[in-house]
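Nothing fancy with the numbering, it's 1 onward along the sequence.
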Amino acid sequence: FMSSEMLPYMLFLKGYALQRNNDRNAAIKVYNEVIDFFGGDIDVAAVAMYYRGLAALENGDYQKGMSSMKELVDDVDYQKEPIAGEALIALSDNYWRLNDSARAVQYLNQIIRDFSKTTPAAAENARFQLCAYYLFNGRGDELVNWYVEKVGDDKKSVDERRCEALKMACDSVFYRYWQYYNKPERFCSKGKAAKPGVELYKLMQKHRSSFEKNNDMWNFYYRYARLCSQYTKNPAKELDSLMVEAAKYIDSVKDEKLRQKYYSDLENMLRENNMFAAARYINGKISDKIQAAKNEYYTLQREEKWEDALKYLATVRDNFKTQSEFVIWTKWEQAWVLKERQRKYDEAIKVYQEIAQPPRTLWEIQECYYRNNNLEKALSTLIEIENAFPDDGAEAAWRRAEYYDRGGNKDMAVKECRGIMKKYPSTPASSRSHQMLEKYGIETGGAVAD
């Protein structure tokens, strides 16, 4: 079908298949055919040019790889194609590697300018990389000015754009730390890198007035409190007054549902950052008493005060005894503490028996027996699970095989595995049984299951 309009696409896919099969030199030849003979089909030629560069990079040929990427982003016909955003990322990565930050920054800004709508993921990547660059180099003011002048919508006020810049930078540190902040040497090749969280803490202090003018104090309190708890030497001193102030602000929010959400989010963040006094203060503002009770238990759990946690669960269970769902929740948590933290397996079993929600409780009970060196009862409980709950049968049988294997009882382990392969042939347990039999040097073909 040499006249088909689909020919350039099929040719590209041939190259892509070769590349995926690690035959990169052959793939590059095919990509060159696409570019040479179908250069006018911009959408497919641009993609071929990108993957040609990628194949060269995978071959370790940085010069040819970067040359292909640069050809793509410099060509007026190709540079607006969405794939060019990915090529710019590759180019900026190469310049970071060469410690040429000026060129890296140039390409990242080009991505933000040209591809925020067509390739939003590449644009976000570029914004976060630039945040890391400015913060690691102690140039927080430049970060804010860069966003205000080059990224933010000029129809918005300067204060609004400053708030957006700081929220974006905070979120990059809070939620994408291991992607952008685990290798400071990438962005800061000269001298000692600054601490991004500390830089942001100072910036939030400096630009508090922008949040006030923009009526965006919730985002200020939430992010500033988190920065304070993680990146200051004595967070409690500042947080005590900050939380009183934040609570007054949240009290002023007219929407009850939104007000409670703010309290809940703030309490959770403080607890997760081990600011227990502040978390308890905010928790006292939560109107849902059952949720507040759960939060206090989670705080005790975070503090690893296991006896206090058990006493607290007993107290709130009595206080809310008409709330059956909550009562069951307290028992699940009680059993978890006894089993996972105090290793009081007999006591945990009694609580699981009170809950009586099989098969889940039976799974917990058999594990308690096993950990307590009562293999016989663990195995009998697994048999009970298999017989009473067919959907869990294969896993119950496999668990028995595992226990026998760990205990060095080869004969019983082999017997269980053969039984699984015969009774549950299409399950993951059957596949694992096959592997265990191979480990023991036992053939698994033909009628071995019998």
Step by step, work out the side chain to side chain contact (heavy atoms under 4.5 Å, CB included) result for Leu266 and Ile250.
CA-CA 10 Å; Leu266 191 56; Ile250 299 173; 4.1 Å; yes
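- Each of Glu58, Arg52, Lys14, Arg24 was scored for a side-chain hydrogen bond (donor to acceptor under 3.5 Å, both in side chains) with Gln19, with one residue passing: Glu58.
- The salt bridge (Lys or Arg N to Asp or Glu O under 4.0 Å) pairs that include a residue from residues 117-130 are Glu124-Arg176, where partners are two or more places apart or lie in different chains.
- Listed for the Asn109 side chain is a donor-acceptor partner under 3.5 Å among the backbone atoms of Val105.
- Taking a 6.0 Å sphere around CG of Asn215, one finds it holds 12 or fewer heavy atoms contributed by other residues, nucleotides or ligands.
- Gln129 CD to Tyr107 OH: the interatomic distance, rounded to the nearest 0.5 Å, is 14.5 Å.
- Using modelled atom types, no side-chain atom of Ser430 and backbone atom of Ser426 make a donor-acceptor pair closer than 3.5 Å.
- When all heavy atoms of Ala394 and Ile420 are compared, the closest pair comes out as O-CD1, 4.5 Å.
- Separating the CE atom in Met66 from the CG atom in Leu91 is a distance of 5.5 Å, to the nearest 0.5 Å.
- For Arg371, the salt bridge (Lys or Arg N to Asp or Glu O under 4.0 Å) partners two or more places apart in sequence, or in a different chain, are Glu340, Glu367.
- More than 12 non-hydrogen atoms from other residues, nucleotides or ligands lie less than 6.0 angstrom from CD of Glu256.
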Evaluation steps, salt bridge (Lys or Arg N to Asp or Glu O under 4.0 Å), between Arg162 and Asp159:
CA-CA 5 Å; Arg162 282 181 186 144; Asp159 287 313; 3.4 Å; yes
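- Counting only residues at least two apart or on different chains, the salt bridge (Lys or Arg N to Asp or Glu O under 4.0 Å) pairs with a member in residues 218-239 are Asp171-Arg223.
- The aromatic rings of Phe220 and Phe211 sit tilted relative to each other, their planes meeting at an angle between 30° and 60°.
- Pairs passing the salt bridge (Lys or Arg N to Asp or Glu O under 4.0 Å) check and including a residue from residues 204-218, sequence neighbours excluded, read Asp141-Lys206, Lys167-Asp216, Arg208-Glu212, Arg208-Glu245.
- Remark: Glu325 engages no residue in a salt bridge (Lys or Arg N to Asp or Glu O under 4.0 Å) (not counting sequence neighbours).
- With Tyr370 as the aromatic partner, Arg399 does not meet the cation-pi criteria of under 6.0 angstrom to the ring centre and within 45 degrees of the ring axis.
- Between Tyr298 and Trp329, the angle of the ring planes goes over 60°, which puts this pair in the perpendicular group of the 30/60° scheme.
- Within 6.0 Å of CZ in Arg343 there are 12 or fewer heavy atoms belonging to other residues, nucleotides or ligands.
- Partners of Tyr369 according to the ring-ring contact (aromatic ring centres under 6.0 Å, His included) rule, which considers only residues two or more places apart in sequence or in another chain, do not exist here.
- Arg360 places none of its side-chain heavy atoms less than 4.5 Å from the side chain of Tyr352.
- Formation of a donor-acceptor pair under 3.5 Å by the Tyr263 side chain with backbone atoms of Gly284 is not found in this model.
- Salt-bridge formation is not detected for the pair Glu267/Arg302: no Lys NZ or Arg NE/NH1/NH2 atom is positioned less than 4.0 Å from an Asp or Glu carboxylate oxygen.
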Side chain to side chain donor-acceptor pair (under 3.5 Å), that's the test. Do Ser172 and Tyr181 meet it? Break it down for me.
CA-CA 9 Å; Ser172 74; Tyr181 295 92; 2.7 Å; yes
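- Considering all non-hydrogen atoms of both residues, Val34 and Ala45 come closest at CG1-CA, 4.3 Å.
- Judged by distance alone, the side chain of Thr119 and the main-chain N or O of Pro82 form a donor-acceptor pair under 3.5 Å.
- Between Lys150 and Arg113, every side-chain heavy-atom pair lies at or beyond the 4.5 Å cut-off.
- For the ring-ring contact (aromatic ring centres under 6.0 Å, His included) test, no residue two or more places apart in sequence or in another chain qualifies with Phe276.
- The list of salt bridge (Lys or Arg N to Asp or Glu O under 4.0 Å) pairs with a residue in residues 277-297, not counting sequence neighbours, reads Asp251-Lys285, Arg280-Glu296, Arg280-Glu303.
- Remark: side-chain polar atoms of Tyr16 are not paired, donor with acceptor, to backbone N or O of Ala27 under 3.5 angstrom.
- Evaluation of the salt bridge (Lys or Arg N to Asp or Glu O under 4.0 Å) rule for Glu164 yields Lys156 as partners, not counting sequence neighbours.
- Between Arg432 and Glu395 there is a salt bridge, since a side-chain N of the basic residue sits under 4.0 Å from a carboxylate O of the acidic one.
- A 4.5 Å side-chain heavy-atom check between Glu384 and Pro358 finds every atom pair outside the cut-off.
- Trp96 CH2 to Ser101 OG: the interatomic distance, rounded to the nearest 0.5 Å, is 6.0 Å.
- Taking every heavy atom of both residues into account, Leu166 and His207 meet most closely at CD1-CB, 3.7 Å.
- With sequence neighbours excluded, the residues forming a salt bridge (Lys or Arg N to Asp or Glu O under 4.0 Å) with Glu354 are Lys331, listed by chain and number.
- Remark: Asp77 engages no residue in a side-chain hydrogen bond (donor to acceptor under 3.5 Å, both in side chains) (not counting sequence neighbours).
- Taking the six-membered ring for Trp, Tyr231 and Tyr201 have ring centres at least 6.0 Å apart.
- Between the side chain of Ser252 and the backbone N or O of Tyr249, at least one donor-acceptor pair lies under 3.5 Å.
- A donor-acceptor pair is defined here as one N or O able to donate and one able to accept, closer than 3.5 Å; no such pair exists between the side chain of Asn372 and the backbone of Asn374.
- Note that the OG1 atom of Thr330 and the OH atom of Tyr297 stand 10.0 Å from one another [nearest 0.5 Å].
- The shortest side-chain heavy-atom distance between Phe174 and Met269 does not fall under the 4.5 Å cut-off.
- With hydrogens and angles disregarded, a donor-acceptor distance shorter than 3.5 Å links the side chain of Asn387 to the backbone of Ile383.
- Relative orientation of the Phe136 and Phe187 rings is parallel, given thresholds of 30° and 60° on the angle between their planes.
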Check the pair Arg139 / Tyr133 against side chain to side chain donor-acceptor pair (under 3.5 Å), numbers first and verdict last.
CA-CA 8 Å; Arg139 294 160 62 181; Tyr133 167 69; 2.8 Å; yes
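- Under the side-chain hydrogen bond (donor to acceptor under 3.5 Å, both in side chains) criterion, Asp405 pairs with Lys439, Tyr440, not counting sequence neighbours.
- Note on ring orientation: taking the six-membered ring where Trp is involved, the planes of Trp218 and Tyr262 are parallel (angle under 30°, cut-offs 30° and 60°).
- Ser264 contributes no side-chain N or O that, together with a main-chain N or O of Gln260, makes up a donor-acceptor pair within less than 3.5 Å.
- With hydrogens and angles ignored, the 3.5 Å screen pairs a side-chain donor or acceptor of Asn283 with a backbone N or O of Ala292.
- Glu386 places none of its side-chain heavy atoms less than 4.5 Å from the side chain of Leu382.
- Rounded to the nearest 0.5 angstrom, Ile42 CD1 and Ile83 CD1 are separated by 14.5 Å.
- Atom CG in Asn274 sits 10.0 Å away from atom OG1 in Thr299 (nearest 0.5 Å).
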